[in-house]
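Here's the structure, in structure tokens; my notes come after.
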Number of protein chains: 2
Amino acid sequence: MTQFDDEASFLAQYNARDFVAPLMTVDPVLFTYHEASLKVLLVERSNHPERRLWGLPGGFVDMVSDQSLEDTARRKLQEKTGINAPYLEQLYTFGSATRDKRGWSVTVAYTALMAYQECAAHIETVRDAKWWEFEALNDMTLAFDHREIIQTARERLRQKALYSIVPAYALPEKFTLPELQHLHEVLLGKALQKKSFRRRIEEAALLIATGEKRSDGNGRPAVLYRMKEDAGRHMFVRNLEE
Amino acid sequence: MTQFDDEASFLAQYNARDFVAPLMTVDPVLFTYHEASLKVLLVERSNHPERRLWGLPGGFVDMVSDQSLEDTARRKLQEKTGINAPYLEQLYTFGSATRDKRGWSVTVAYTALMAYQECAAHIETVRDAKWWEFEALNDMTLAFDHREIIQTARERLRQKALYSIVPAYALPEKFTLPELQHLHEVLLGKALQKKSFRRRIEEAALLIATGEKRSDGNGRPAVLYRMKEDAGRHMFVRNLEE
DNA sequence: CAAATAGTGTCTGTTAGACACTATATG
DNA sequence: CATATAGTGTCTAACAGACACTATTTG
């Protein structure tokens, strides 16, 4: 390798094209909660590879328009589904020689949460975009290693349900405590004591009562709350039981 | 873009060299505990860019020899320092257009822990390898965004000290409870109640008494323990106070 | 009124904090 | 013996679980 006196001349001759790097993608796993169940947003691929299979709404980093990995995640969600998620957090990075048939590839996965809204395919590389029930994915063949990625995201979200109210980002802006509790119950796969659940949220002062109530026709109406600004960052010192 | 009938012909014409991907590196943050303080292993760069600056012992993914990102992390640690760490966990992925002067770059950071041992530079791209006291890094200019990466790793390790005994991987195979407690105290930046600390570890049955004791000359000798196989995976349901 | 769902009062159980105590080493 | 460090006994405080109770809605 040639030696250079100074960094400036080193950088002047440096050309990233001289080196082959792994394929570099970003894959958001977008969850929501609707009709009492957890849903994941998937898109049907209209191009090779893995054409016609459902997978995550991710894609390549655009070295011109993206300044950061989070930019890529937001852009891909926007392009493929028209969605802008209020919660986006890096999950894990999956990289290996074999996960993509095109060669060594790396994907940075993000967990995203948002209130349910209808969605549709937005660009030509996507035939369709659809919310799938999490449980239904067991019977499907998904693109690449996307099943493993979704499984990892789901597991992390389960953990967060034990010590935070991050799952609330999967609800509409205004929601009731029974709704939030049920979402946590879905994530944890077990019933929770409503007294415990409500008490810890109230004592940590994470929510603001809007003054409104909502009834679904049966029984006493529930108070509607919205999250305080930083409620998603709060961590309880003691977990709910597993 | 040309259309292909089947995936095989698509893959046959696909050439990763046709696309420019970000630079792709892996950076392990290797911690140990020695002489009552937390240390980080850094190497002095002998090549551009950032020549002569100290940074993490990372490097490019080798698409031939590495099968996974963890392979890269282990290989780089081995090459640059001769070390094989008993604890290695993915930390976070840092990627942006500006973090490396050569262009858009992504690094997958790993946290590694090991018992203290002497180390030395192992290859020509490294002038020197050295354990630095974590506190000393404040006064240094480090390569790239490595200060931020180390800070993130340190913060994650602090979190783990609250609900696990993962930090024990930074100790020798046999260690005493007062040693482990002091390491946690360094990580948390506050004194802990020894009764609480010992009680939770004993009740979770995470350690095995070796039968040996060790005295440092002063006072009653402490019992030496080693970690049970899966002790690093145990998570206490209730955190220590912050 | 009954049925259904929201929300509370209050007791128990678990586990961390506080801190004084005992145990075992050295010199 | 004094000193130093390891390790224990035990009370308190915080907070989740259990579960019966009250509250508010519809029909």
Side-chain angles (χ1 to χ4, degrees), chain A residues 35-36 159-165 171 174-185 187-225 234-242, chain B residues 35-36 159-165 171 174-185 187-225 234-242:
Chain A
E35 290 171 344
Q159 284 296 327
K160 287 195 190 285
L162 290 173
Y163 62 78
S164 80
I165 58 164
L171 298 177
K174 296 176 186 179
F175 56 88
T176 68
L177 278 174
E179 274 177 338
L180 180 57
Q181 179 174 343
H182 188 258
L183 167 53
H184 279 245
E185 287 172 340
L187 288 170
L188 298 174
K190 66 166 284 203
L192 296 173
Q193 292 286 338
K194 72 182 157 182
K195 181 62 178 179
S196 307
F197 189 78
R198 305 175 69 98
R199 185 174 41 203
R200 68 203 314 246
I201 290 174
E202 179 173 23
E203 281 169 9
L206 299 178
L207 304 182
I208 298 166
T210 62
E212 301 161 88
K213 296 183 179 191
R214 183 173 57 206
S215 172
D216 53 352
N218 278 17
R220 175 174 170 177
V223 172
L224 282 164
Y225 295 88
H234 181 83
M235 290 163 75
F236 297 99
V237 293
R238 189 166 155 187
N239 284 6
L240 294 173
E241 277 184 4
E242 308 217 35
Chain B
E35 291 170 345
Q159 284 297 328
K160 287 195 190 284
L162 290 172
Y163 61 78
S164 80
I165 58 164
L171 298 177
K174 296 177 185 176
F175 57 87
T176 69
L177 278 175
E179 274 177 338
L180 180 58
Q181 179 173 342
H182 188 259
L183 167 53
H184 279 246
E185 287 172 340
L187 288 170
L188 298 174
K190 66 166 284 201
L192 296 172
Q193 291 286 337
K194 73 183 158 180
K195 181 61 179 181
S196 306
F197 189 78
R198 304 175 71 100
R199 184 173 42 203
R200 67 202 317 244
I201 290 174
E202 178 174 23
E203 280 169 9
L206 299 178
L207 304 181
I208 298 166
T210 61
E212 301 161 87
K213 296 184 179 190
R214 182 172 59 207
S215 172
D216 52 353
N218 279 15
R220 176 174 171 177
V223 172
L224 281 164
Y225 294 88
H234 182 82
M235 290 163 75
F236 297 100
V237 292
R238 188 166 156 189
N239 284 6
L240 294 173
E241 277 183 4
E242 308 217 35

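Chain A is the first sequence line, chain B the second, and so forth, proteins listed ahead of strands; every chain is numbered from 1. The structure presented is a predicted model; accordingly, all values stated were derived computationally and were not measured.
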Do B/Arg220 side-chain and C/dA25 base share a donor-acceptor contact under 3.5 Å?
-> no
Rounded off to whole Å, could you give me the CD-to-P distance for the A/Glu185 and D/dG17 pair?
-> 11 Å
Could you tell me whether the side chain of B/Tyr225 reaches within less than 4.5 Å of the side chain of B/Leu171, counting heavy atoms only?
-> no
Nucleotide nearest A/Pro221 when distance is taken to its side chain, options C/dT8, D/dT25, C/dT15 = D/dT25
Atom-pair distance (CD on B/Glu202; P on D/dG9), nearest Å | 10 Å
Would you indicate what A/Glu203 reaches in the nucleic acid, counting non-hydrogen atoms under 4.0 angstrom: base, sugar-phosphate, or nothing?
-> nothing
Taking only the side-chain nitrogens and oxygens of A/Arg238, find out if one of them lies under 4.0 Å from OP1 or OP2 of D/dC15.
-> no
Closest to the A/Ala222 side chain, choosing from C/dA6, D/dT8, C/dA25 = C/dA6
Separation of C/dG17 atom C1' from B/Gln181 atom CD, nearest Å, is 13 Å
Rounded to the nearest 0.5 Å, how far does CD of B/Gln181 lie from CZ of B/Arg198?
-> 8.0 Å
Closest heavy-atom contact between B/Arg200 and B/Phe197?
-> CG-O, 3.4 Å
Phosphate OP1/OP2 of D/dA16: any A/Arg200 side-chain N/O under 4.0 Å | yes
Within a reach of under 6.0 Å around CD of B/Glu202, are more than 12 heavy atoms found that belong to other residues, nucleotides or ligands?
-> no
Short side-chain N/O contact to D/dG17 OP1/OP2 from A/Ser196, under 4.0 Å = yes
With respect to the phosphate group of D/dG7, does any side-chain polar atom (N or O) of B/Arg198 fall under 4.0 Å of OP1 or OP2?
-> yes
Nearest-Å distance, OH (B/Tyr225) to P (D/dA6)?
-> 12 Å
Whole-Å distance, A/Glu241 CD to C/dT14 P, equals 9 Å
Sugar-phosphate, base or nothing in reach of B/Leu240, heavy atoms under 4.0 Å = sugar-phosphate
Contact check, side chains of A/Leu162 and A/Leu188, non-hydrogen atoms, under 4.5 Å | yes
To the nearest angstrom, the CG-P distance between B/Leu224 and D/dA6 comes to 12 Å
Between B/Asp216 (CG) and C/dA25 (C1'), how many Å, whole number?
-> 10 Å
Please confirm whether any donor atom in the side chain of B/Lys195 sits under 3.5 Å from an acceptor in the base of D/dG9, or the reverse.
-> yes
Between B/Val237 and B/Ser215, name the one whose nearest nucleotide on DNA chain C is closer to the 5' end.
-> B/Val237
Would you mind reporting whether A/Asn239 and B/Met235 have side-chain heavy atoms less than 4.5 Å apart?
-> no
Mapping A/Arg199 and B/Phe236 to their closest nucleotides on DNA chain C, which lands nearer the 5' end?
-> A/Arg199
If only side-chain N and O atoms of B/Gln193 are considered, is one of them under 4.0 Å from the OP1 or OP2 phosphate oxygen of C/dA16?
-> no
Please report, rounded to the nearest Å, how far the C1' atom of D/dT22 is from the NZ atom of A/Lys194.
-> 11 Å
